A.B. asks: 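Sharing a structure, written as structure tokens. Questions coming.
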Amino acid sequence: MQEIAGDNTAREVQEQVEHFQNQFIIHEKCLTELKQDIHRNDLDIKADLLLSGTMVSESIAAEHSRVHERYLNEEKIFNDLRHEFNRFSAEWL
């Protein structure tokens, strides 16, 4: 992004660079939160299995499903952003 911003001072390009920079920052925060939630859910599953030996509570299983859906959604959004950025980069590099 620095190379694109340095080589192209047009307002349109600078706005796009800022847009992508902001989006990458947002997604970095989302991924950090998601990683923490996955780790927390793994610990909950482990604790449930240690207590019961074979079963995980319904609430922990439901949380696992929610975290998994968040992961899939974030993966799709981030991949779309990555492809959009690659097209932008190819145009302006």
Side-chain angles (χ1 to χ4, degrees):
M1 280 194 291
Q2 289 177 342
E3 184 177 342
I4 295 170
D7 292 345
N8 302 285
T9 58
R11 183 173 180 217
E12 171 191 343
V13 175
Q14 295 299 317
E15 287 174 354
Q16 285 295 311
V17 167
E18 185 176 349
H19 161 75
F20 285 113
Q21 183 177 10
N22 291 338
Q23 289 299 307
F24 288 132
I25 290 168
I26 289 168
H27 287 285
E28 180 181 26
K29 289 178 184 178
C30 287
L31 291 171
T32 298
E33 289 175 14
L34 185 57
K35 181 180 176 182
Q36 292 169 351
D37 291 347
I38 290 169
H39 180 69
R40 190 175 312 115
N41 186 245
D42 283 348
L43 291 175
D44 291 344
I45 290 170
K46 181 180 178 180
D48 250 17
L49 288 172
L50 287 173
L51 285 174
S52 72
T54 58
M55 297 184 65
V56 175
S57 72
E58 190 174 314
S59 63
I60 292 175
E63 179 61 20
H64 178 77
S65 293
R66 284 190 293 273
V67 170
H68 182 72
E69 284 299 317
R70 283 178 47 211
Y71 168 81
L72 294 175
N73 187 46
E74 182 61 31
E75 181 181 42
K76 182 191 179 321
I77 292 169
F78 189 80
N79 279 330
D80 290 346
L81 176 65
R82 184 174 53 86
H83 292 302
E84 182 184 347
F85 178 72
N86 288 340
R87 287 189 296 274
F88 170 73
S89 294
E91 181 181 346
W92 292 103
L93 277 180

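Remember, predicted model here, so these are calculated numbers, not experimental data.
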A.B. asks: Tabulate below the donor-acceptor pairs under 3.5 Å that side-chain atoms of residues 86-93 make, not counting sequence neighbours, or state none.
C.D. replies:
from	atom 1	to	atom 2	distance (Å)
N86	ND2	R82	O	3.4
S89	OG	F85	O	3.0

A.B. asks: Between K29, H19, M1, which is the residue that forms a side chain to side chain contact (heavy atoms under 4.5 Å, CB included) with F24?
C.D. replies: M1
A.B. asks: Taking atom CD of E18 as the centre, does the number of heavy atoms from other residues, nucleotides or ligands within less than 6.0 Å exceed 12?
C.D. replies: no
A.B. asks: Decide whether F20 and V13 are clustered together by the hydrophobic rule: side chain heavy atoms of Ile, Leu, Val, Met, Phe, Trp, Tyr closer than 4.5 Å, transitively.
C.D. replies: yes
A.B. asks: Within the supplied structure, the quantity of interest is the number of heavy atoms (other residues, nucleotides, ligands) at a distance under 6.0 Å from E75 CD; does it exceed 12?
C.D. replies: yes
A.B. asks: Less than 4.5 Å apart, side chain to side chain, heavy atoms only: is that true for T54 and L49?
C.D. replies: no
A.B. asks: Are E74 and R70 within salt-bridge range, i.e. N to O under 4.0 Å?
C.D. replies: no
A.B. asks: Please examine the side chains of Q23 and I26, heavy atoms only from C-beta on, and report whether any two atoms are closer than 4.5 Å.
C.D. replies: yes
A.B. asks: Nearest heavy-atom pair of H27 and I77: which atoms, and what distance?
C.D. replies: CE1-CG2, 3.1 Å
A.B. asks: Start with the C-alpha distance between N73 and E69, add both sets of side-chain angles, then the distance that settles side-chain contact (heavy atoms from CB on, under 4.5 Å), and finish with yes or no.
C.D. replies: CA-CA 6 Å; N73 187 46; E69 284 299 317; over 6 Å; no
A.B. asks: Would you give the length of the straight line joining atom CG of N41 to atom NZ of K46, rounded to the nearest 0.5 angstrom?
C.D. replies: 14.0 Å
A.B. asks: Do the side chains of Q21 and Q2 get nearer than 4.5 Å, heavy atoms only?
C.D. replies: no
A.B. asks: Backbone N or O of I60 within a donor-acceptor pair of the D44 side chain at under 3.5 Å?
C.D. replies: no
A.B. asks: Does D48 form a side-chain contact (heavy atoms from CB on, under 4.5 Å) with M55? I'd like the steps, not just the answer.
C.D. replies: CA-CA 7 Å; D48 250 17; M55 297 184 65; over 6 Å; no
A.B. asks: Quick one: salt bridge (charged side-chain N to carboxylate O under 4.0 Å, His left out) partners of K76, sequence neighbours excluded?
C.D. replies: D80
A.B. asks: Check whether more than 12 heavy atoms from other residues, nucleotides or ligands sit under 6.0 Å from atom OH of Y71, and answer yes or no.
C.D. replies: no
A.B. asks: Assess whether salt bridge (Lys or Arg N to Asp or Glu O under 4.0 Å) is satisfied between R11 and E15, documenting all intermediate values.
C.D. replies: CA-CA 6 Å; R11 183 173 180 217; E15 287 174 354; 3.0 Å; yes
A.B. asks: Is it true that, when you exclude H68 itself, more than 12 heavy atoms of the residues, nucleotides or ligands shown sit nearer than 6.0 Å to its NE2?
C.D. replies: no
A.B. asks: Do R66 and E63 meet the salt-bridge criterion of a basic N to acidic O distance under 4.0 Å?
C.D. replies: yes
A.B. asks: Measure across V67 and I38 and return the closest heavy-atom pair with its distance rounded to 0.1 Å.
C.D. replies: CG1-CG1, 3.3 Å
A.B. asks: If you count the non-hydrogen atoms of other residues, nucleotides and ligands that lie under 6.0 Å from NE2 in H83, is the total more than 12?
C.D. replies: yes
